[in-house]
> 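Below: one structure in structure tokens.
As the structure lists them, so they are numbered: ligands from 1, and atoms in each ligand from 1. Throughout, residue positions are numbered sequentially from 1 according to the sequence presented.
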Amino acid sequence: MQTINVDLERAQFFDDLSDRWDTSGPSPDAKEVLTFLKKLKIDSGKTVLDVGTGTGMLIPHIFSFDPGNVIALDLAERMLEKLHKKYAPRFGSKLEISQQDVHKLDIDDATVDIIICNGVYPHFHDKPLALSQLRRVLKTGGTLAINHFAGREFVNKVHGSSAHPLIRQDLLDPVTILKETIACSGFSLKEWRDDATEYYLIAEKS
Ligand SMILES: C[S@@+](CC[C@H](N)C(=O)[O-])C[C@H]1O[C@@H](n2cnc3c(N)ncnc32)[C@H](O)[C@@H]1O
């Protein structure tokens with residue numbers, strides 16, 4: 001596992017949650033996850049970057065589309081240890097597990113086809129910087145997806161009631177604001193939703 005600069009406070013927060021992450025809170029069913037992933041047109045040969053992968057909730061679902069390889073990236077070492085235990089033996093060299101901060105990615109320019117940020121975007125403390133890093137590593141025509149398997153109100157209620165002062169500030173903007181941020185960061189908007197049960201935005205590097 002590779003280790004470089006990390007947002008230490010949020011890394012600690014998620015490390016402390018790692019033992020109970022897989023059993024706490026509502027998680028989406030497989031049908032819901034696959035419906036979302038189908039929109040991203042993952043297929044063989046594609047490189048998929050799962051930013052803020054956590055314990056790898058999406059990993060087996062991403063592999064069901066037979067991608068070339070998957071980079072499972074997260075700040076929190078202990079979340080990645082869980083992921084490693086569950087999935088490294090199953091997916092072997094097609095799964096790269098990497099401890100990194102999205103704000104300072106150690107990934108070559110234009111090498112990734114699809115970037116997924118599931119349940120992580122509000123935790124980026126400098127969104128323009130994070131988005132510029134994501135744009136840099138994405139190939140032209142590549143896809144960026146920001147997703148929550150829950151509505152914005154629910155996400156903001158959970159974050160807003162956190163005992164951790166930083167997490168309390170990690171709130172999701174209405175998608176109308178997110179659209180502006182993403183467009184200003186050099187992406188073309190493709191599809192979005194912001195309702196009681198879903199929040200997502202899919203964009204392309206033009
Ligand atoms: C709410 S969890 C979501 C985990 C997973 N995507 C899921 O849906 O189960 C957010 C994850 O993002 C990671 N994270 C937060 N800020 C990050 C950053 N700046 N760079 C990389 N990962 C980050 C956290 O460590 C945590 O594991």
> Are Asp113 and Lys205 close enough for a salt bridge, meaning some N to O gap below 4.0 Å?
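Salt bridge: no.
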> Step through it carefully: locate the ring centre of Phe14, locate the ring centre of His123, and say whether they are under 6.0 Å apart.
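Here the rings of His123 and Phe14 have centres that are less than 6.0 Å from each other.
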> Sequence neighbours left out, what passes salt bridge (charged side-chain N to carboxylate O under 4.0 Å, His left out) with Asp15? Give chain and number order.
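Result, salt bridge (charged side-chain N to carboxylate O under 4.0 Å, His left out) vs Asp15: none returned.
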> Please give the N or O to N or O pairs under 3.5 Å between ligand 1 and the protein, distances rounded to 0.1 Å.
residue	atom	partner	partner atom	Å
ligand 1	6 (N)	Gly52	O	2.7
ligand 1	6 (N)	Asn118	O	2.8
ligand 1	8 (O)	Asn118	ND2	2.8
ligand 1	9 (O)	Trp21	NE1	3.4
ligand 1	19 (N)	Asp101	OD1	3.1
ligand 1	20 (N)	Val102	N	3.0
ligand 1	22 (N)	Leu75	N	3.3
ligand 1	25 (O)	Asp74	OD1	2.6
ligand 1	27 (O)	Asp74	OD1	3.2
ligand 1	27 (O)	Asp74	OD2	2.7

> So do Ile59 and Leu83 actually touch side chain to side chain, heavy atoms under 4.5 Å?
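SC-SC contact between Leu83 and Ile59 confirmed.
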> If the condition is ring pair (Phe, Tyr, Trp, His ring centres under 6.0 Å), which residues does Phe13 pass it with, not counting sequence neighbours?
His164
> Among all residues two or more places apart in sequence or in another chain, which pass the salt bridge (charged side-chain N to carboxylate O under 4.0 Å, His left out) test with Arg152?
Asp194
